[in-house]
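Below is one structure, written out as structure tokens; comments come after it.
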Amino acid sequence: MSSPTPDALLGPADVRELAAALGVRPTKQRGQNFVIDANTVRRIVRTAEVRPDDVVVEVGPGLGSLTLALLEVADRVTAVEIDDVLAAALPTTISTRMPERSDRFALVHSDAMHVRELPGPAPTALVANLPYNVAVPVLLHMLETFPSIERTLVMVQSEVADRLAAPPGSKVYGVPSVKANWYAEVKRAGAIGRNVFWPAPNVDSGLVSLVRRAEPVRTAASRREVFAVVDAAFAQRRKTLRAALAGWAGSAAAAEAALVAAGISPQARGESLAVEEFARIAEHRSAQNTEPKEPVQQ
């Protein structure tokens with residue numbers, strides 16, 4: 001396997017020149033902040049523990065900074081890009097800067113939230129610099145849609161990273177924390193400064209590592225049923241679970257019955273429960289109630 005040339009990755013001048021040639025101006029609407037530091041993207045690849053046999057899916061490749069770093073190591077990289085101009089330009093960037101690996105690259109021009117299948121072998125890893133405004137729903141969608149993804153490393157707004165990795169009882173523990181933990185063991189994996197982006201964002205960024213659970217959460221309830229409990233529990237954070245789950249169960253009394261059957265205090269609050277406890281509550285939902293609707297992922 002031949003190695004890429006030392007200057008294959010994009011530096012600050014390369015990013016700006018490429019953007020200018022394409023007439024691209026990063027937009028706040030899509031949360032576009034392009035990484036301009038080669039050391040940072042290589043650090044992300046190392047932290048993600050990308051291996052030579054990995055099939056990596058990347059969401060939001062932008063101009064290709066992280067894509068090129070992934071191609072240095074992984075067997076294959078599939079990038080999902082929604083932007084028309086960026087999607088059209090990326091294959092040329094790859095073939096120009098890393099021609100010896102261009103046959104290992106594939107592009108899916110689509111909104112990641114609509115992607116249900118990917119070309120080539122099933123992905124084993126997800127590595128992405130996720131736009132701040134859609135980070136959590138995109139992450140959860142990819143983990144649900146592609147169970148072959150074993151390891152994930154995402155760069156997100158620091159506040160989002162804290163929420164994803166928060167343990168029960170934390171002030172920032174909530175819907176993203178529980179839902180991410182349904183799929184994986186989640187932890188913070190580092191911090192990223194603002195100066196490695198163009199344009200520099202007004203917030204710091206963080207890396208989050210998610211390693212797929214070796215065994216799924218043991219429960220007779222479906223993911224949909226468990227997530228419905230989670231959404232209801234956090235809809236009004238200050239309420240006890242007896243009150244918060246009243247709508248979900250059909251009444252406060254029915255909620256209390258389900259909680260007691262699950263071995264959970266009706267006076268507890270959602271912030272104190274682990275994903276396994278939410279699953280137990282879902283199992284004991286009163287049979288007389290209608291099937292819960294698919295929750296909106298947050």
Side-chain angles (χ1 to χ4, degrees), residues 1 41 44-61 64 66-82 87 90-91 94 101-131 134-156 160-161 164-165 176-187 189 207-219 221-227 230 275-276 279 294-295 297:
M1 184 182 293
V41 290
I44 291 171
V45 173
R46 287 195 306 271
T47 305
E49 298 181 1
V50 175
R51 302 187 294 249
D53 61 344
D54 270 323
V55 177
V56 180
V57 57
E58 179 191 7
V59 175
L66 179 56
T67 316
L68 289 163
L70 289 167
L71 279 168
E72 282 189 328
V73 180
D75 182 57
R76 294 177 180 276
V77 176
T78 299
V80 180
E81 177 58 63
I82 187 174
L90 189 55
I94 300 301
R101 301 289 176 89
S102 59
D103 62 339
R104 301 172 182 271
F105 172 75
L107 175 76
V108 174
H109 181 196
S110 175
D111 182 338
M113 291 297 293
H114 298 158
V115 171
R116 295 289 175 184
E117 59 183 9
L118 295 168
T124 59
L126 166 64
V127 184
N129 170 23
L130 292 178
V134 296
V136 172
V138 165
L139 173 62
L140 296 176
H141 170 74
M142 296 298 289
L143 290 174
E144 170 63 21
T145 306
F146 301 102
S148 61
I149 294 175
E150 302 166 357
R151 286 162 288 114
T152 295
L153 188 81
V154 291
M155 179 161 58
V156 294
V160 175
L164 283 168
S177 325
V178 183
K179 291 184 177 180
N181 201 236
W182 168 265
Y183 300 106
E185 300 296 333
V186 189
K187 67 177 183 179
L207 298 176
V208 181
S209 166
L210 302 96
V211 178
R212 177 83 63 170
R213 286 175 173 266
E215 294 184 5
V217 176
R218 293 185 178 182
T219 177
S222 68
R223 177 195 63 84
R224 173 185 296 189
E225 291 166 339
V226 176
F227 281 15
V230 174
V275 65
E276 291 83 0
E294 178 74 10
Q297 293 184 336

Side chain proximity check, [X] to [Y], heavy atoms < 4.5 angstrom:
| X | Y | value |
| --- | --- | --- |
| Val178 | Val226 | no |
| Val56 | Val73 | no |
| Glu72 | Val45 | no |
| Ile44 | Leu207 | yes |
| Val77 | Arg104 | no |
| Phe146 | Val115 | yes |

| field | Glu150: partners by salt bridge (Lys or Arg N to Asp or Glu O under 4.0 Å), with sequence neighbours left out | value | Arg51
| task | Name all residues meeting the salt bridge (Lys or Arg N to Asp or Glu O under 4.0 Å) criterion together with Arg151; count only those two or more places apart in sequence or in a different chain, and write none if there are none. | result | Asp54
So, taking the atom named [atom1] in [X] and the one named [atom2] in [Y], what distance separates them when rounded to the nearest 0.5 Å?
| X | Y | atom1 | atom2 | value |
| --- | --- | --- | --- | --- |
| Leu164 | Lys187 | CG | NZ | 15.0 Å |
| Met142 | Leu118 | CE | CG | 5.5 Å |
| Leu210 | Ile149 | CG | CD1 | 10.5 Å |

Please report the closest heavy-atom contact between [X] and [Y], naming both atoms and the distance.
| X | Y | answer |
| --- | --- | --- |
| Thr152 | Val154 | CG2-CG1, 3.8 Å |
| Pro121 | Val55 | O-CG1, 3.7 Å |
| Val160 | Ala135 | CG1-CB, 4.5 Å |
| Asp103 | Arg76 | O-NH1, 3.9 Å |
| Ser102 | Ile94 | CA-CG2, 4.0 Å |
| Ala279 | Ala221 | O-CB, 4.2 Å |

| Which residue pairs pass the side-chain hydrogen bond (donor to acceptor under 3.5 Å, both in side chains) test when at least one of the two sits in residues 207-219, sequence neighbours left out? | Asn181-Arg213, Arg213-Glu276, Glu215-Arg218, Thr219-Glu283
Which residues satisfy the side-chain contact (heavy atoms from CB on, under 4.5 Å) test with [X], sequence neighbours excluded?
| X | value |
| --- | --- |
| Ala79 | Glu58, Pro61, Leu90, Phe105, Leu107 |
| Thr145 | Arg116, His141 |
| Ala106 | Thr78, Pro119 |

| task | Give a yes or no on whether Glu49 atom CD has more than 12 heavy-atom contacts from other residues, nucleotides or ligands under 6.0 Å away. | result | no
| Should Leu68 and Val41 be marked as a side-chain contact (heavy atoms from CB on, under 4.5 Å) after you check the CA-CA gap, both sets of side-chain angles, and the distance that decides it? | CA-CA 9 Å; Leu68 289 163; Val41 290; over 6 Å; no
| request: Report the C-alpha distance between Leu139 and Leu126 in whole Å, list the side-chain angles of each, state the deciding distance to 0.1 Å, and finish with yes or no for side-chain contact (heavy atoms from CB on, under 4.5 Å). | output: CA-CA 9 Å; Leu139 173 62; Leu126 166 64; 4.1 Å; yes
